[in-house]
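Basis for what follows: all heavy atoms, side chains included, without hydrogens, waters or symmetry-related copies. Counting starts at 1 for both ligands and their atoms, in listed order. Since the structure is predicted, the reported quantities are computational estimates derived from the model, not experimental observations.
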Amino acid sequence: MNILIIYAHPEPKSFNGALKDLAVLELTALGHQVKVSDLYAMNFKALADRNDFQLLENENFLKYALEQKHAAKTNLFSPDIKEEQEKLLWADFVIFQFPLWWYSVPAILKGWFDRVFASGFVYSRDNRYDTGRLKGRKAMLSTTTGSPIQAYTPFGMDGDIHEKILYHINHGMLYFAGLEPVEPFIAWTPSHNEEDRKRYLEEYKTRLHNLSKIPSIPYHPTSHYDEHHQLKMEYR
Ligand SMILES: Cc1cc2nc3c(=O)[nH]c(=O)nc-3n(C[C@H](O)[C@H](O)[C@H](O)COP(=O)(O)OP(=O)(O)OC[C@H]3O[C@@H](n4cnc5c(N)ncnc54)[C@H](O)[C@@H]3O)c2cc1C
């Protein structure tokens with residue numbers, strides 16, 4: 001498979017760095033083609049603005065999503081965006097490696113989504129979720145936390161990790177773009193204990209050896225919703 005790793009951590013010697021390095025090593029040894037977007041090393045621009053387009057359709061008023069649509073049609077995104085989009089089209093499987101920051105992704109990765117997951121490129125009015133333009137590819141979140149696993153259970157202090165914390169990424173970004181999200185890999189509180197870290201690295205290695213067997217997250221296709229974006233009664 002062609003595997004793209006989008007990696008967002010400012011410290012190469014971090015535990016996130018170790019998980020990314022392990023993935024590159026193991027996946028390459030298994031015969032996969034691997035590319036890494038190391039966003040901090042690339043000094044990836046996180047701010048979405050008018051410089052993201054080589055030619056603006058409307059110079060007087062920046063409507064970002066409309067300019068994205070125009071750039072997708074004319075192939076006039078800035079070179080850094082184009083490069084990431086080409087990597088996405090090359091990939092069969094995308095891994096996002098990041099620490100959980102403020103219940104979400106670090107700003108540099110959020111900026112990557114804002115700029116690279118462009119209107120006209122990954123979605124349009126009629127192409128989203130199960131018909132999003134990245135359809136046919138899988139994606140997995142690999143993240144680390146500061147709070148322990150108990151905090152992320154349904155009655156835990158931080159809220160259910162799947163339904164409340166990672167949903168906006170898995171459903172709102174990956175699935176929206178047509179990717180098929182698989183169950184995330186989560187290393188809980190890796191900064192506390194060397195034994196845990198060793199175990200997580202072993203567990204991640206096993207996971208990497210079985211990428212194609214990881215269950216997908218069962219989200220509804222758009223056909224299950226009515227014209228008011230409500231889930232039809234028969235699917236509730
Ligand atoms: C802005 C911000 C917001 C945050 N928001 C949240 C939040 O909303 N929810 C939450 O739960 N947490 C939050 N946190 C905490 C954050 O999620 C954790 O600090 C982070 O996930 C830990 O991962 P790391 O890679 O940064 O760990 P690091 O601290 O870099 O690494 C942990 C330890 O692993 C060691 N290590 C590195 N490589 C290896 C290796 N190969 N083998 C063994 N050990 C190794 C390192 O030396 C270090 O001692 C936040 C932190 C910040 C800075």
Exercise for review: Report yes if some N/O of D158 lies less than 3.5 Å from some N/O of ligand 1; otherwise report no.
Suggested key: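 Not met; the criterion fails.
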**Study point:** Nitrogen or oxygen atoms of L201 and ligand 1 under 3.5 Å apart
**Key:**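 Checking ligand 1 against L201, no N or O pair falls under 3.5 Å apart.
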Point to revise | Among W112, Y123, F176, ring-ring contact (aromatic ring centres under 6.0 Å, His included) partner for F117 | key: W112
Exercise for review: Identify which one of F15, Y200, Y152 satisfies the ring-ring contact (aromatic ring centres under 6.0 Å, His included) criterion when paired with W188.
Suggested key: Y152
Closest by any non-hydrogen atom to [atom]: pick that one out of [options].
{"atom": "atom 12 (N) of ligand 1", "options": "G146, S191, P190", "value": "G146"}
{"atom": "atom 10 (C) of ligand 1", "options": "W101, Y152, W188", "value": "Y152"}
{"atom": "atom 50 (C) of ligand 1", "options": "I161, I186, L100", "value": "L100"}

At what distance is the nearest protein heavy atom to [atom], and which residue and atom is it?
{"atom": "atom 44 (N) of ligand 1", "result": "R197 NE, 3.0 Å"}
{"atom": "atom 28 (P) of ligand 1", "result": "F15 N, 3.8 Å"}
{"atom": "atom 8 (O) of ligand 1", "result": "Y103 N, 2.8 Å"}
{"atom": "atom 41 (N) of ligand 1", "result": "A18 CB, 3.4 Å"}

For ligand 1, which atoms, with element, lie under 4.0 Å from some heavy atom of [X]?
{"X": "S147", "result": "10 (C), 11 (O)"}
{"X": "H9", "result": "24 (P), 25 (O), 26 (O)"}
{"X": "N16", "result": "23 (O), 24 (P), 25 (O)"}
{"X": "W102", "result": "1 (C), 3 (C), 4 (C), 5 (N), 6 (C), 7 (C), 8 (O)"}
{"X": "S14", "result": "25 (O), 30 (O), 37 (C), 38 (N)"}
{"X": "K13", "result": "37 (C), 38 (N)"}
{"X": "T144", "result": "17 (O), 20 (C), 21 (O), 22 (C), 23 (O)"}

Exercise for review: Kindly confirm or rule out a cation-pi arrangement of K20 over Y7, judged by NZ or CZ under 6.0 Å from the six-membered ring centre and within 45° of its axis?
Suggested key: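 Yes, a cation-pi geometry.
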Check your understanding: Under 6.0 Å from the CG atom of N43, do we count more than 12 heavy atoms belonging to anything else shown?
Key ->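 Open.
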Review point. How about Y235: does its OH atom have over 12 heavy atoms from other parts shown lying under 6.0 Å from it?
Key: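 For Y235, atom OH is crowded (more than 12 foreign heavy atoms under 6.0 Å).
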Check your understanding: What do the steps show when you test Y225 against H229 for side-chain hydrogen bond (donor to acceptor under 3.5 Å, both in side chains), and what is the final call?
Key -> CA-CA 5 Å; Y225 293 89; H229 297 211; over 6 Å; no
Check your understanding: Under the criterion side chain to side chain donor-acceptor pair (under 3.5 Å), which of E195, E203, E202 is the partner of R199?
Key ->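 Of the listed residues E195, E203, E202, the side chain to side chain donor-acceptor pair (under 3.5 Å) partner of R199 is E203.
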Point to revise | Within-cutoff protein neighbour (heavy atom, under 4.0 Å) for atom 48 (C) of ligand 1 | key: no
Check your understanding: Any protein heavy atom under 4.0 Å from atom 19 (O) of ligand 1?
Key ->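 So far as the 4.0 Å threshold goes, atom 19 (O) of ligand 1 is out of reach of every protein heavy atom.
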**Study point:** Lys/Arg N to Asp/Glu carboxylate O, R115 vs D52, below 4.0 Å
**Key:** yes
Check your understanding: Are the charged groups of E11 and K13 less than 4.0 angstrom apart, N to O?
Key -> yes
Point to revise | Contact with ligand 1 for E194, non-hydrogen, under 4.0 angstrom | key: yes
Check your understanding: E11 near ligand 1, heavy-atom distance under 4.0 Å?
Key ->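 No heavy atom of E11 comes that close to ligand 1.
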Point to revise | S37-E84 side chain donor-acceptor pair, cut-off 3.5 Å | key: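 Checked: S37/E84 side chains pair up, N/O donor to acceptor below 3.5 Å.
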Check your understanding: Do H9 and Q97 meet the criterion of a side-chain donor-acceptor pair at a distance under 3.5 Å?
Key ->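 Not at all, the side chains of H9 and Q97 share no donor-acceptor pair under 3.5 Å.
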Exercise for review: Apply the test side-chain hydrogen bond (donor to acceptor under 3.5 Å, both in side chains) to residues D80 and S78: give CA-CA distance (whole Å), side-chain angles for both, the deciding distance (0.1 Å), then the verdict.
Suggested key: CA-CA 6 Å; D80 63 336; S78 61; 2.6 Å; yes
